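Input: a single structure, listed below in C-alpha cells.
First listed ligand is number 1; within each ligand, the first listed atom is number 1. In this text the structure is predicted, and so the values were computed from the model without any measurement.
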Amino acid sequence: MTDIAAVIVAAGRGARFGGAVPKQYQRLAGRPVLRWSLEAYSRHPRVRSVQVVIDPADTALFATAAQGLALRPPVAGGSTRQESVRRALEALASDPPHLVLIHDGARPLVAATTIDAVIDALARHQAALPALAVSDTLKRSDDGTRVAGTIPRAGLWRAQTPQGFDFATILAAHRRFAGEEMTDDAALAERAGHAVALVAGHEDNVKITTPDDLARAERVLAAIPDIRTGTGFDVHRFSAGDHVVLCGVRIAHDRGLEGHSDADVGLHALTDALLGAIGAGDIGEHFPPSDARWRGADSAAFLAHALDLVRARGARVLNVDVTLICERPKVAPHRAAMRDRLAAILSIEPDRCSVKATTTEGLGFAGRREGIAAQAVATIACMSPIPS
Ligand code: MG
C-alpha cells in the first residue's frame, strides 16, 4: 500500500482576517477551524501520518485544537509559507512517505472524496491538485474603485488544496528553490519541470481568509444534518409495595419495584438512551447507586441531567420512544399521561414522545411477573458537532 503523509500548514498570522486569534484557531461550528482540517486527514484511511506546521506562539491554541488526535509533533514554521512547508517536509524526510498531501490549515471543509481524487491522480502523475474553473468574469483594478481592464477567463482555474506530490520530487523542488518565494507548492513542481494534474475541486473547500468566509463555512456545516441515536435498557424486580412509578407516572399496584431511586425503569432506560446519543457513559456512572443522595430520588432528575448534557453539547432532542415490558400493571390507561410527562421533562412536544407497552406472552421474568423491563431510543440533532 502506498505510504501517504499529510502536511498541514497552520503557521500563518492571517493579517486579512483581523482579530486577536489567528483565523485557523477561530471557532467554526464550535471547534477551531484547524481541528476540522486535522480530522479530515487523521481520520482518512489512506493517510498514515499528519505533520502540522505551526507558529510557536500558537502552541497552546494548537494543543487544544489537536486534542486526542494522533499527529506527529508540530514543526515550527518559517518566515514564509514556502519555508514552513519545507521545514515540514524535512521533518518527514527521515522516514519518507511515497506521497505527500500539502493542505492549508484554513481549509476546514475538505471532503474525503477530494483527498481521494488527488491521491488517485498521483498514481499517474508526480503532482496533482484540486481546482475549479473560473466562471466569473475577471476584472483588473489598480485602486479597487475603477475597472482598469477585463481579463479573459478561458483556461483559468482556481487552485485549492490538498496539493499532492511524489514526496522525493517536491522535497527536491523545495530544497532547490528555497528563498524564491512562489505562491503554492504546485508552482515549485511546475518550475522544476513536472507536469501537475488537475482534479475536480469543490466549492465548499473554501479557504478561510475573511470573516465572510467563516460565515460561509458555518452555513455549509449547518446544511449537513448531524443526527444521532442512543438506546437504553433497564430492568427492576418487583418487591413488596403498593405502587410503581413508570415514565414519571405513579400507578397503584399490589407490588412495588425494587431500586435505589424511585425505580422508574422507563425513565432509567430513556436516560441511558440520551447519554448513549452523546457518548456520555451510562446512568450508573452519573448517579452511582452507592451515593446516598439518590435514595428514593425522583428519576425525572436523572433524565433532566442527561438533557442538560445533551444541550451543553449544542444538541436538541428530536424524539424519544420507550417500550415498557410487563404483564401487570396495565400500561394502556396511563400511556397518555406518561407521554405528557416525558414531554414536560424534556421540554418537547408530546408528539415527539412515545410510550408503548408489551407483554412477553407469559415467558421469562416479565412473563412470570417478577419484574418490569424497559427499552428506549432517543434521537438528537446536533446544531454544532460534539467536541471529541
Ligand atoms: Mg434502573
Which residues end up grouped with L198 if you chain together Ile, Leu, Val, Met, Phe, Trp and Tyr wherever their side-chain heavy atoms are less than 4.5 Å apart?
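ILVMFWY cluster around L198 also holds L129, W157, V196.
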
Whether the E181 and T80 side chains hold a donor-acceptor pair (N or O, under 3.5 Å, no angle test) is what I'd like checked.
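T80 and E181 do have a side-chain donor-acceptor pair below 3.5 Å.
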
Partners meeting side-chain hydrogen bond (donor to acceptor under 3.5 Å, both in side chains) with T137 (sequence neighbours left out)
R153

Exam field: side chain H98 to backbone D3, donor-acceptor pair closer than 3.5 Å:
yes

In the protein, N/O/S atoms that are found under 2.8 Å from the Mg ion (ligand 1), waters not counted
D234 OD2, H236 NE2, H268 ND1

Using distance only, find each side-chain donor-acceptor pair of residues 294-301 under 3.5 Å and give its atom names and separation, not counting sequence neighbours.
| unit_1 | atom_1 | unit_2 | atom_2 | d |
| --- | --- | --- | --- | --- |
| D298 | OD1 | A300 | N | 2.9 |
| S299 | OG | D262 | OD1 | 2.4 |
| S299 | OG | H268 | NE2 | 2.8 |

Residue pair V110, Y41: steps toward the side chain to side chain contact (heavy atoms under 4.5 Å, CB included) verdict:
CA-CA 9 Å; V110 59; Y41 290 89; 4.0 Å; yes

